[in-house]
Each structure stands twice: as structure tokens, then as C-alpha cells.
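Below: the structure, in C-alpha cells.
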Amino acid sequence: METINELESQVRGYVRSFPVVFQWGKGVRMHTEDDVDYLDFFSGAGALNYGHNPDPLKQPLLDYIQADGVTHSLDMASNTKSKFLETFNEVILQPRGMEYKMQFPGPTGTNAVEAALKLARKVTGRERIVSFTNAFHGMTLGALAVTGNAFKRAGAGVPLGHATSMPYCGYFDDETDTAAYLEAMLEDSSSGLDKPAAVILETVQAEGGINVAEMEWLQRIEKICRDHDLLLIVDDIQAGVGRTGPFFSFEPAGIKPDLICLSKSLSGYGLPLALTLIRPDLDEWAPGEHNGTFRGNNLAFVTSTHAIKHYWSDDALEKDILRKGEIVRERLQKMIARFPEFKASVRGRGLINGIDCEPAEVANEVTAGCFKRHLLMETSGASDNVIKVMPPLIVDDADLKMGLDILEESLEEVLRQRGIAKGAA
Ligand SMILES: *Cc1c(COP(=O)(O)O)cnc(C)c1O
């Protein structure tokens, strides 16, 4: 730990919340060099949906490495890439009636967003992108321009332009119709909003505070995009790959995005892999117009292909995620109901859920208390005001209960210390 504090840049983040040295991980647990087990309800910010080093992916990966399978090949053809494309198409896209071209834009989520924004601008010949309050799309300049957080935006050091932020679903209250607001702005030639190329959204704003868009809102945004000839980009980097239940988070809304961004848990093994799905007729890229040295990570293709086959060939995992999500929300509701003086609300979908806390500081105090009790959890939201409960999708009921018990204990401790839990049952 001293080495990290001495040599790694100040920019380091999570190590400050979790100041221990991890050595290995398996399933829903991480193990430190001091032989302590931590239950992981953080899941690599959504990059470890199947847990740490999942067995169904590990052996194929080891076999591939043992056989000197090609590790790096830029975007040359490799048999692992062919298998990935074929498997993703046959298991994920075709059964959902989806037809998309697949672009490997570079290894990270923000690369998938940059590619989508660039292509939307190229195809429409327009510059402006509409994004939403509390959005998070990544740290490179294009993605940062459509990200809400002022602190992160300021890190750019240059003006972030060509984007307009609009109120997300439920931004003001439950009644105010923010889709109608966007529509009015687009329809009024005097609104001051230049005609955009695209609208980019997350169906659940994970970093932005677990804000869940209503299905009807998503449908209306899609309709507005169609009526105004705008492209619809869904950033499913964190909410996708099963986090909300179905493989794509927007499936229950029945919408058809023009561009879809995936990354985080796509490889299934915590290996970097990103994908931009493109409506076929929009694939106007010239060869090499957007490139990158680490497009197409063959090791990640191996694990992703096996993850898709193993976890998504039927709907068993999806059903299990939805079932466990109900357990989590019910439990969180019960938890906050014990403390009538605690101003809190529960929200989420599938296995991305949270408790919005007031005062905001309660959230970080609770996750610090969880860490003390060997449970890893983070906070999200504009003021880090939301306790983010995000176990791996494969968590079993006993570990789920264990984590929620720890969370409750920690919450109770914080509320008692703050004198908020006086009347607690
Ligand atoms: C994490 C995330 C990104 C950025 O991905 P990186 O791999 O960190 O670049 C973009 N959008 C959403 C919704 C994310 O959660």
C-alpha cells in the first residue's frame, strides 16, 4: 500500500475507499494479501457481472493462451473474432430481431461512446448531441461533453461543446413531463436548440445516482427522435449485459436504438472489450476512419464468446436476476422503513439498486461501515448521495442476504451515530 501511495498518481480513486491490497478473487469475493475475504457488491463498477474469474470462462481462456492463440492482432481477422461475431449475432441479436453491424472501437467504454458520437455526426452532418442531466458517458472529450458531472467536466481543461443537456426522466419530480420539454424545444424554431444529430441516453443512470427511466419515457424519446430525424444512441455500458435483467436494458421498452454502446461486462472476465452496434444502413465509416491499437482484444473475444454461450443461451439467468432484484428492493425498502426519521428512497431495476440518502453524507459513511465489515460497495449520484448495491449477477441467495445484512447493520450504526435512528424498531 505504501508503494501505491508513493508512486501512483494522486488521481487514484477506489483505493482510497478500499485501502487494502487485493490478491485474488473468486465469484462474489475478493481476497487480500493479509488473508481477508471481502464480499464484493461493487462488481468492478459493472465490469464483473459474472463475478471474479468465473470457471466457465477461465478454462477456455487458459486453453487459448496455452495454445499460443493470437493475443494481439489490431483489427486483422482472427478466428476468435469470427467466433465472437457469430455467437453475438446468433445468441444475442437474432433472437431479439436485432440487426446491427459491430464495431470494435478500442478497448474501453468511452471508446464505444466516441465512435457512436462521431458516426452520428458524420451520418447526419450535424454537430449537436442531446444528452441528459446526471448522464455519465466516459472521460474522453467527446464523451465528457455529454456527461453531466461538473467536477469531471472541469478536468477536460478545454471547453466542452456541441452538446446540450436536457432534463432526464423524473429530473424535477414524478409529474413534470421531461420528454414533452425536449419535444417542445425541438419543435420551436426559436428555442435556441440547434437541430441535433442524436440523443444519447442511459436507461438507468448508474453513476448519476441509479436514476431509472420509465419505459414509457424511453418510448417517447424514441418517437421524438423518429419524428425529428435524430439518431438514438443508448449507452448500455453499465446497465447492459444483464445488469437490469435482460441482456439489453432497453428490451422491456421495445425501442430500437440506432447505435448501442457496450463494454464493462461484455468480456465477462474483466478484460477490456468494447462494442458499438450500428444500424446497418448507418455504417458509413471509411476504412480506418476510426481506429485504435487495441481494437478487438482476442483474449476478451474468447471469454466473451463463452460468456454469451454459457449465460445467455436461455433465459434462466435473466429470470434469476429479476427474482433477486425483487429481493434486494424489498429488503432495502424494509431497511429504510425501520427509520422513519431517515429521508431516503429506494430505486433500481434488476440487480442495480440504490438507497438515495439525505443528508448525502450518510451514503459514504454507510459504505465505509460496510468496508469495515468486509463488504465492498460504492456510492453514486451528484453528491455521492446514493448507496449503490450491485452484486455480481451470479450471487446466490445466501451471499445476497449476507451482504444486505451487513448493509443494514452499517446503516443502523450510521443513523444511530447521527441521531436519526432514535425511533428505530
Ligand atoms: C463506465 C461507463 C462508461 C465509460 O467506460 P470506460 O470503460 O470507463 O471508459 C460510459 N458509459 C457508462 C454508462 C458507464 O457506466
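For ligands, and for the atoms within them, numbers begin at 1 and follow the listed sequence. For this chain, numbers begin at 1 and follow the sequence in order.
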Sequence neighbours excluded and cut-off under 3.5 Å, please list the side-chain donor-acceptor pairs for residues 192-203, or say none.
residue	atom	partner	partner atom	Å
Lys195	NZ	His228	O	2.7
Glu202	OE1	Phe136	N	3.0
Thr203	OG1	Ser249	OG	2.6

Taking a 3.5 Å cut-off between nitrogen or oxygen atoms, can you list every pair linking ligand 1 to the protein, with distances?
residue	atom	partner	partner atom	Å
ligand 1	7 (O)	Gly109	N	2.8
ligand 1	9 (O)	Gly109	N	3.4
ligand 1	9 (O)	Thr110	N	2.8
ligand 1	11 (N)	Phe136	O	3.3
ligand 1	11 (N)	Asp235	OD1	3.4
ligand 1	11 (N)	Asp235	OD2	2.6
ligand 1	15 (O)	Gln238	NE2	2.8
ligand 1	15 (O)	Lys264	NZ	2.7

Could you work out, with side chain to side chain contact (heavy atoms under 4.5 Å, CB included) as the rule, every residue matching Ala382, not counting sequence neighbours?
Asn134

With side chain to side chain contact (heavy atoms under 4.5 Å, CB included) as the test, would you mind laying out the steps for Val386 and Asp356 before giving the verdict?
CA-CA 4 Å; Val386 180; Asp356 189 353; 4.0 Å; yes

Have Thr110 and Thr140 got a donor and an acceptor in their side chains that come within less than 3.5 Å?
yes

Distance-only criterion, 3.5 Å: show the donor-acceptor pairs between side-chain atoms of residues 17-26 and protein atoms not counting sequence neighbours.
residue	atom	partner	partner atom	Å
Lys26	NZ	Asn53	O	2.6
Lys26	NZ	Asp55	OD1	2.8

With under 30° as parallel and over 60° as perpendicular, where do the rings of His72 and Phe294 fit, or are they tilted in between?
perpendicular

